[in-house]
Structures are given as structure tokens and as C-alpha cells.
Amino acid sequence: MRTIILKSASSYLLPVLLLFSVFILLRGHYLPGGGFVGGLVAAIAFVLDAFSNGLDKTKGILKFHPGFLMPVGLMVAFLSGISPMILADLPMMTGIWAENPIPVIGALGSPLFFDIGVYLVVIGSALTIIFTISESV
Amino acid sequence: MEIILAIITGVLYASGIYMILRRSMVKFILGIILLGNGVNLLIFTLGRITKGEPPIIDSAEKVLEGVYADPIPQALILTAIVISFGLQAFAIILVKRAYKVLKTDDLDQLNTTDEDS
Amino acid sequence: MLGAVLLGFLFSLFLVFAGSYFRGKLAVLSSLIPLSLFIYFLTFLPEIANGKVIYENYEWIPSFGVNLSFTLDGLALLFALMITGVGSLVFLYTSAYLKDHKYLDRFYGYLSMFMAAMLGLVLSDNIMSLFIFWELTSISSFYLIGFNNDKADSRKSALTALGITGIGGLLLLGGAVLLGDVAGTYRISEMVMMRDVITDSSHYLLILLLIFAAAFTKSAQFPFHFWLPGAMKAPTPVSTYLHSATMVKAGIYLLFRMTPILNGDDIWHTILIVVGAVTMVYSAIHIIFRTDLKGILAYSTISALGILVFLIGIGTQAALVAAAVFIVVHALYKASLFLITGIIDHETGTRDVTQLSGLRKVLLPVAIAGFIAALISGGVPPTLGFVGKDLIYEATLHFKDAAIFLTVLAILTKILLFYGGFVAGVKPFMGKLPQKFEKLHLPSPLMWMPPLIMTFAGIVFGIFPGLIETAFAKPIAMTQVIEFEEFHLKLWHGFNTVLGLSAITITIGVILYFTLKPKHNLENAIARLDVIAPKDLTLKLSEGFAEFSRLWTNFFQTGYLRHYISVIVAFLILLLGYLIFSDFSLTLDFSTLADLTIYEISILLMLLMGVLYTVFTKSRLAAVAALGVVGLSFSLLFLFYSAPDLAMTQFSVDTLTVILFVLVLYKLPKYLNFSNKWLRIKHGVLSVSFGILITLLILRVLKEPKNAEITEFYAENAYKLAHGKNVVNVILVDFRGIDTMIEISVLIVAALGVFGLLKLRLKTRDKK
């Protein structure tokens, strides 16, 4: 799998793909996309990088074990879920929205943070699975 | 159109069940995956199919109107796909681990809970 | 009161952690728990004696009407004092009896758990919490009876006891739910006011039978009595506590509690009198044939319980007062006799009454206690037993029907109980001391003081029956009897019929004691009749059940995965197939096929070929590649049929799955051909028919009109309420957000599972 083309391409591919995954995540509320797909694309980006540059280097880029993304993501999702209870005294999971839409992202609200939580969990789980397996093979 | 999808769902179920009934563990996993795809297609078909009208509101509109694909089965299947990935990964590793520990691929030899038989 | 109930549970929990300290000398201290509770309940005595009833209510599951409400009236106080009082003495006794036992702390844990459950039972005002405590007593008594868990028959007896009382508990639940439903409340104190509604209800008979079954199993009434003699395998303190004073009285307590609620019809009286009378006479006769001291006591206990049921059945004020007094009498003498038996067993190593004699020479205080206990049991003045016996005769003599017959039965039972009491309490101490027992020493006072205390109490109460009258008899009569009449307990009634009957009882009892000697051949003779005894019949029934379920299980649980799946699939095919074909009306509309474009056809063909190739290829790599093709076709399919989100997700997941497979493929076992041709054909037929069934099912469902209500709601409100235009995403992150959160949690669990399977080594394997 370690061809020169892939190797030289991957150093550009990783940031581009990651940016793309964030783009998919953010546009999800209006157009096809969202946390699940975004997370999977980001995970594929890292896996691709690992294939071309070796697992250790990719881990070096990440700096921390991808497993930590799972509790962080779940926490983000959970906090965004209960934020209406704390901030506005509304039932859990009620969407609360900022007054003015932000360019590119659109309206900013708690569902967006929820989606970010999903995104992080998906990256974390997928990478944990794949990295653990490739390490132990 | 639905007729063909129904038949394909049937094929997916049949091949999934057939694979699950094999004694080889790898075939068993492939069977589970096929069956999972079959279920997704079942839900999708039962939600009625629509060509070229995704459930996305036009940028000028505020309400989804006219002909549109049913978003509920799609939401169901979306999570099902992601979770089935987790399931597959877990099943594959379980098989790998079982193979390593028990040195057998034969499901028929896994019929006891005792460690030493 | 909640604290009082919980104290025992907390103590047993505490023993789990700090048990090792209570195994040695500190064990005595644990009796402070029941003792303090005893004193606590004593403080209520003046209030209750004045006819006051104390309620306490704690919300528990208010939506079901299940609250932790406690009530303390005369009846509850009588039982509470008995539980804690006898409990204190048993706790003391145990510390010497099981001295240096390896699991003494565990024993105390079970014992205090049992005590707490029993307290909860008698204090509960809510019939649901009463049921829960009822079950807790069954469970904790299971541990206590099976305490010597290294012995097979000990375990068996514990199981029998749990089985019988457990069934009773279930029936109680049924009765309680029905009763609560009919009365509209689960509070017992409120049910009393609904008495007419309950007795007139069409469920009345069913309620009655359920409650009776519960009480009879718990209180060892015929034909459920056999678990009690079996439970004598338990250490003696357990027999003392559970089978004389507390647990078996739980059924009596229940009947007592239910008296003002359910006592309205002849059927109540008839059943209770008949069952009680049969039990008391049947087991009283059994006493003659026993040589094991504990066996004698077990049967005399059953007989005494029969008397109590019988008295409650009579149900007049005199009978209920007699029952209340007799509960006290029985607790005092039976607990003492059990403790004495325990001492004898502990010192001589045998409980065979034919081998024991002359022990008074070495165990004098025990002999005194035994003698007094026998007097109380025989109803000899001036003990409380005499008062109790008089009250019983008084009650039977004045019953409206068959008074003479019932009185004769009562006298017969009393004579045999007299005999039993003397055999157990006096005989081992009389006569010549065999040589082998000459070197015996008096055990620690902790063991012989408790029976002495109880028997002296029996005399004190006998001389001053007024104590019992004001403390228990009157308050109980006031709450449990509908029309209360003033009465007085007396030791001496003057010369009347009852006194004559008492004299007859005692005289015949004494004659019987001197003429009839317990012999082994008698015991063996009756053993031949065991075949038709309820015990053997029930055991055979349960063995038959076990055998049947073993066959049934072996038939289905073969341990082969494919058998399970085949059975499930075949069952579904039969069931669904029958449903579909019994109402089969399928009109296929092929006209839509004309709309098929070349793209769709090629996608579907690709999908189909991928599936078939996955199934039939002999190479693993090819199968995985074909599976990848299936996934890709799926994502194209989704894209084509207006599901771009699905297409993207399927595509990414497919990529990851293929990577996953490729990573581990060569670590996975090679394909092997295990199955023969016939098996494959069989499985092929099974799976193809299942596939056809699913196809038909889909076509059938598609004919039904679609309910688009929810879809329309989402389409309408996705932007208005949730500010999103991709409806699928809005459903996922907003409308059904909690579902999604749980789904990502599942994903995390899967990832952790993979991580754990690969990174953590199982400890047991490392050791090898």
C-alpha cells in the first residue's frame, strides 16, 4: 500500500479531508451531511494517512489516543442536550438558537453542538477500532 | 419498482440466513452483514421509494412540500448503518480472538461453556 | 419506625464489611441490636395499651399506590416484641452455641436480615410492602435453613422450604393485587373500612383462597406442613427463632390482619376451622411416633399453628383473644424447648430421646427450664399456658356449631401437646444418667439463661395475666374484633366446665407420659405410610417437573447455534406463512417496472451479483470484495432513491468495513467445508423459503395505505421548530436527539469492546 504517490499525496490529503469532514458536519443541518458522515470521513482521512505514513506517525499527529474523543464527544452531546434545562429552563433536548445566523454555518444552536458531539464520538470509535486492530495484527 | 426491491430484500435475507447457518465463523459474520443490509433495505422499501426528491427543504421554502422521500426510514437506517459498523467490528474481533484462544473455526465446537472441553 | 426496620438490614450490610470482628468474642455484642429494638418497642406499650394506633407513612412508589407505611397497633406490637424479644435471646444464645464458627458473622447477618424483614412484615400497613417483606423473610430463611451448606440434605430442606413459602408468596401477591384492586387502596387500615365492598365483591372467594394459600404455606398447615420438619436441619437457634416464634407465625399474623377485612362469610370460618383442625390433630398424632427431639418439637409446632388457625377460624372475640394469648404462650415455651434441645444436642451430641436420660444431674438449670417449659406447654397452673388453654376451651365451647366436637378435638390435641412437651422438656432429664454422659459440664450461661428467662416469664404472666390483657389482648381485640366487649383474663375462674376439661387434659396427659415411651419401631412403622404423605407426593411432583424440563431443555438447547437459528427461522416461516396464506390477496402491479432506467437495472444487477458471489465463492478475499460491491451498490441505490445522507454514510462505512476485513482477514481462519451436501440443501431450502416469505411480507405491507402523520409533522416543522432544512439530520440531532445519544453510546460500547478484547488479556489465561 505504501506507494510514493499515496505517500506524497497523503500529506496534503489529510488536512483537506479533515476540512472536508468539518464542512460536511457543519452543513448537515441544511444539506446532506451531518455528524455521522462527517465523523466517518474524518476517520477515513486518518486511516488513509496511517496506511501511507505508518500508524505511529499518524498517532504522532493526533497527540492523544483517539479513544478520548468518545467520552468528550458524548459529554458535548449530553451537555448540549441539557443546556436548555440549565440556560432557559426548557425541557431537555429543546433546541435553543442564537438570535442571528452566522455566515457559512447558518443558525447557531444547541443541535449543532449535539452534532459536533456525534462527530467526535464517531471519529473516536472508528479510529479506536481500526487503530486497535492494526496494532495487534 | 417496489416488487424488485422486495425480491432483492428476500434474496438478502435468504443469503444472510444461509450464511449464518454455516459452521464457519467467518461465513457467520458475512451472514450477519448481509442480513443487516437486508433489514436496511426492508425499512427503506416499506417507507416507499421516491426518485430524485430528497427530504431537504429548498433554500427559498420553509416547509417541505410536494413529493418528497420519507425522512423517517432514512434517519433510522442512517444510525443503523453506523451501528452495524460497530457490530461488525466487534464480531470480527470476537471471532479472531476466539480463533486464537480456542484454535477452532467450527461453531459446532463452541457449544459448551466449559473452558477445558 | 423506618429506622427500626432498617436497623437489621443495615447491621447485616455492616457485617459484610466488618464481619471478621464479630466472629470472636465481640459476637455477643450483636445481640444489642434486637435488644435495643425490643426496648424501643416497649416504650410504645403504654400508648398502645390505651388503644392508640400509630401510623407512619413514607412515599415509595406512589404511582402504584405502594408506600412504605407502617402501623403499630396491639397486634403489630405483640409480634414486634416477640420478634425482638425472642430475637435478643436467640442472638445471645447463638454467640455461645456457634462459638468460633467460621461463618458466625454470616449467620448473624442472615439472622438480623431475617429479623428486620419480619419486623417490616408485621409493621407494614401497605399490603404491597407487606408482600415484599414476606418474600424477604422467605429468602433470608432460605439462607438460615441451609446454613450448613456443605450438607446435601440441609440444602435440600432449604430449597423445599423456599419452594413452598415462595409459591405462597406468589399467591400472596396475587391476593394482594386483587384485594387492592377491589378495595381501591393498598393500605390495610383503609381496607378495614371497605369491608363490605370486599366481602360482596365477585372476587371475594378468589382473594380468600389466595390469602389462605399464602398463610397456610408460610405457617405450615396441612398439606403444606412438611417443609417445617425438614427445616429442622438448620442450626438450633434458627429453628428456635424461625420455626417457633417468628416466621411460621407470619401466616398467622396475616390471617389475624385479614380477620377484620375478610371475615364475613361462612366460608372463611369453614376453611380455617377445617384446615386448622386437621393440621392440629394430624401433627399432634405424629408426635407419638417421633424419637428425635427436634422432630417432636417440629410436629408440636405445626400442631400449635393448627390450633391458632383453628381459633382464628372460630373468629369470635373469645377465640381471637385465646389465639393472641396462645401466640405468646407458644413463643415462650416452644422457643425454650428448642433452646434446651440445642443445649442437649450441643453437649451430648444426640437428640435421640430414647438415649437421653438423667441429664438433670449435670445440667440442672437446663432441667429446671425444661420442666417449666413443659408445664407451660401442658397448661398446668399457675403458668400462662393454663390461661391460654382455658381460653381455647372457652372459645370452642361457645362456638355456634358443633361446639362439642370442636372441643373434643381441641382437648385431644392439647393432651398430645402435653405429652410432647413433657417428652421434650422433662424426659431427657429424668431417670438414670448413662455413664457416657457423666463427664458433661454445664455450658456457658449465655446458653441456659435464655430458656430460663423465657420460662420464668411464662410463670410471671401466668400469675399476673392482667399484664398480657392490658398490653396485648385488649388492644388486639379492639382493633381486630368488630364488636368489642369488655373482658378480663384470669388464672382462676372458679369451678366450671372449663376447669374440668383442663383437669381431664392434664390427667390423661400425665398418664400418657408415663405409659407411652418413644420407641424407634413406632417411628419406623409410620415411615411406611410416608408414600402417601403430602411430602412425598409433592416431592415426586417436583421431581417429575424437573425431569420433564430437563428433557424439554435438552430437546431444544442442543448447544449448536445453527439448530437454534433453524428452529427460530422454521417457526417464523410456519407462523408468518400461515398468517400470510390464510389471508392471501396479492395483486402484483408490474406497470411501474416500465419506469426502470438502465442505471437502476445495472445497480440492482450489481447488487444481486455481489450478494450471490459473497455466498458462493470459496475464497475469503473474494467474499469480502463482493461484500464491498454490495455496500457500494447500496450507496448508489440510496443516492438514486433520494437518500443522499444514507448514500454518504453507507459509502464511508463500506470503506471502513472493507479496510477492517482486510486488516484481519489473514488472521482469520480459512474457509473450511464442514457441512455435507444434504445439510446445505436443507439450509438452502430453509433460507430461501424465509427469503420468499419476507418478499411476500413486504409486498403485502406495501398494499396497506401508508400512515404519513409523523412524516408530515417533521416535514412541516423541521424548519419552523428546529431551524434545519435537511429533515433527516433534524430528526437525528433534534427531534429524536436522545435516541441518537443512546446510539452513539452503543457505538462507544462496541469500540470499547474491541479495545478490551484485543488489549486486555484475560487474567485466568495469563496464569496458565
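So you know, we letter chains A, B, ... as the sequences are listed, proteins then strands, and number each from 1.
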With a 6.0 Å cut-off (strictly less than), is the heavy-atom count around [atom1] of [X], excluding the residue itself, greater than 12?
X	atom1	result
C/Ile710	CD1	no
C/Glu704	CD	yes
C/Tyr564	OH	yes
A/Phe64	CZ	yes
C/Phe640	CZ	yes

Might you point out which heavy atoms bring [X] and [Y] nearest each other, and give the distance in Å?
X	Y	answer
C/Met741	A/Phe78	CE-CD1, 3.5 Å
A/Gly35	C/Asn729	N-ND2, 4.4 Å
C/Ser745	A/Leu74	OG-CD1, 3.7 Å

Of all of A/Gly67, A/Gly38, A/Gly33, which one pairs up most often with chain C through heavy atoms under 4.5 Å apart?
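That would be A/Gly33.
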Can you measure from [atom1] ([X]) to [atom2] ([Y]) and round to the nearest 0.5 angstrom?
X	Y	atom1	atom2	answer
C/Ile748	A/Leu69	CD1	CG	10.0 Å
C/Asp654	A/Leu40	CG	CG	11.5 Å
A/Ile133	C/Leu758	CD1	CG	6.5 Å

Sub-4.5 Å heavy-atom contacts with chain C: which residues of residues 123-131 of chain A show up?
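Answer by number: A/Ser125, A/Ala126, A/Thr128, A/Ile129, A/Ile130.
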Under a 4.5 Å heavy-atom cut-off, does chain A meet the side chain of C/Ile659, its backbone, both or neither?
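For C/Ile659, the side chain is the part near chain A, not the backbone.
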Non-hydrogen side-chain atoms of [X] and [Y] separated by less than 4.5 Å:
X	Y	answer
C/Ile744	A/Phe36	yes
A/Leu31	C/Lys725	no
A/His65	C/Phe755	yes

Enumerate by number any residue of residues 643-652 of chain C whose heavy atoms lie under 4.5 Å from heavy atoms of chain A; in the absence of such residues, state 'none'.
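Expected list: C/Pro644, C/Asp645, C/Met648, C/Thr649, C/Ser652.
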